[in-house]
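Data block below; observations after.
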Amino acid sequence: MTIKYMTLFLATMTSAPLFAQTPPPPPPAEAKTAAMPYVMAAGMSDLYEINSSQVALQKSQTPAIRKFATMLIKHHQTTTAATMKAATKAGLTPTPPVLDAGATASINELQTASAADFDRLYVGQQIPAHQAALDLHQSYATGGDQAPLRTTAKAAVPIIKQHIAAAMKLQSGKTMSGMSGM
């Protein structure tokens, strides 16, 4: 094997796992404006964050990851409760959130990740998942069809922005000191 091909082979072998993370799929377009699809999408997003973070507490040995996961569980339990309360106030009867096949696949990937790959995969899923959640809540806050849910969506936006900032710091190798709520 020539040096050129050996370099290409090594680059391929070491970079392949970087693209192995599977973030959950974004919510459907109608969830950005219609109450019940919004409630279901927001609930599924929160449930993914809670479940993936519970896996992180089981598998990660990194204090900053564990701190981030603990924060996500707490915050997403709170946003789920607020969304369900607002849905009821809007006259809806929401069902408990469930994960779709894509979110379930993301959780399964975390559960089967090696210890060496776990933290990178976990944070790698969190950034696009939170970006999709941010888009969902910002969109519903400005164009949603139910006022109580628009208020809840607006309240979720700064929390999600905080999570994105924390995940980006973790991804860049910085610590999360100074992040509120932790």
**Message:** Once side-chain contact (heavy atoms from CB on, under 4.5 Å) is applied, do any residues pair with Thr70, and if so which ones, sequence neighbours excluded?
**Reply:**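 Checked Thr70 against side-chain contact (heavy atoms from CB on, under 4.5 Å); matches are Leu57.
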
What distance do [X] atom [atom1] and [Y] atom [atom2] have between them, rounded to the nearest 0.5 Å?
| X | Y | atom1 | atom2 | result |
| --- | --- | --- | --- | --- |
| Gln146 | Thr152 | CD | OG1 | 11.5 Å |
| Leu72 | Lys74 | CG | NZ | 12.0 Å |
| Leu170 | Met168 | CG | CE | 11.0 Å |
| Leu121 | Gln111 | CG | CD | 13.0 Å |
| Asp119 | Leu110 | CG | CG | 10.5 Å |

What closest approach, in Å, do [X] and [Y] show between heavy atoms, and which atom pair accounts for it?
| X | Y | result |
| --- | --- | --- |
| Ser53 | Ile73 | CB-CG1, 3.5 Å |
| Ile127 | Ala167 | CG1-CB, 3.6 Å |
| Ala153 | Ala141 | CB-N, 3.8 Å |
| Pro28 | Ala41 | CD-CB, 4.5 Å |
| Arg66 | Gln58 | NH1-N, 4.4 Å |
| Leu149 | Ala87 | CD2-N, 3.7 Å |

Tyr38 meets the ring pair (Phe, Tyr, Trp, His ring centres under 6.0 Å) criterion, sequence neighbours left out, with His137, Tyr140

Note to self: Is there a continuous path of hydrophobic side-chain contacts, each under 4.5 Å between heavy atoms, that joins Val123 to Ile159?
What the structure shows: no

Output all residues satisfying side-chain hydrogen bond (donor to acceptor under 3.5 Å, both in side chains) with [X], sequence neighbours left out; order by chain, then residue number.
| X | result |
| --- | --- |
| Lys59 | none |
| Thr83 | none |
| Thr88 | none |

The complete set of side-chain hydrogen bond (donor to acceptor under 3.5 Å, both in side chains) pairs with one or both residues in residues 25-34, sequence neighbours excluded, reads Lys32-Asp135

When the side chains of residues 89-98 are checked against the rest of the protein, which donor-acceptor pairs come out under 3.5 Å, sequence neighbours left out?
none

So salt bridge (charged side-chain N to carboxylate O under 4.0 Å, His left out) across residues 35-44, not counting sequence neighbours, yields none

Name all pairs fulfilling the salt bridge (charged side-chain N to carboxylate O under 4.0 Å, His left out) condition that reach into residues 143-156, sequence neighbours left out, sorted by first residue then second.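 Output for this query is empty, none listed.
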
Is a donor on one side and an acceptor on the other found under 3.5 Å between the side chain of Thr62 and the backbone of Ala64?
->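 Between the backbone of Ala64 and the side chain of Thr62 there is no qualifying donor-acceptor contact (under 3.5 Å).
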
* **Donor-acceptor contact below 3.5 Å, side chain Thr142 vs main chain Ser139** => yes

Validation: residues 44-52 side-chain donor-acceptor distances under 3.5 Å, sequence neighbours left out:
residue: Asp46; atom: OD1; partner: His76; partner atom: ND1; Å: 2.6
residue: Asp46; atom: OD1; partner: Thr79; partner atom: OG1; Å: 3.1
residue: Asp46; atom: OD2; partner: Thr79; partner atom: OG1; Å: 2.9
residue: Asp46; atom: OD2; partner: Thr80; partner atom: N; Å: 3.1
residue: Asp46; atom: OD2; partner: Thr80; partner atom: OG1; Å: 2.8
residue: Tyr48; atom: OH; partner: Gln125; partner atom: OE1; Å: 2.6
residue: Tyr48; atom: OH; partner: Gln126; partner atom: NE2; Å: 3.3
residue: Glu49; atom: OE2; partner: His130; partner atom: ND1; Å: 3.3
residue: Ser52; atom: OG; partner: Tyr48; partner atom: O; Å: 2.9
residue: Ser52; atom: OG; partner: Glu49; partner atom: O; Å: 3.2
residue: Ser52; atom: OG; partner: Gln126; partner atom: NE2; Å: 3.2

**Asked** Can you check side chain to side chain contact (heavy atoms under 4.5 Å, CB included) on Met84 and Val39, steps first, answer last?
**Response** CA-CA 7 Å; Met84 293 301 177; Val39 170; 4.2 Å; yes

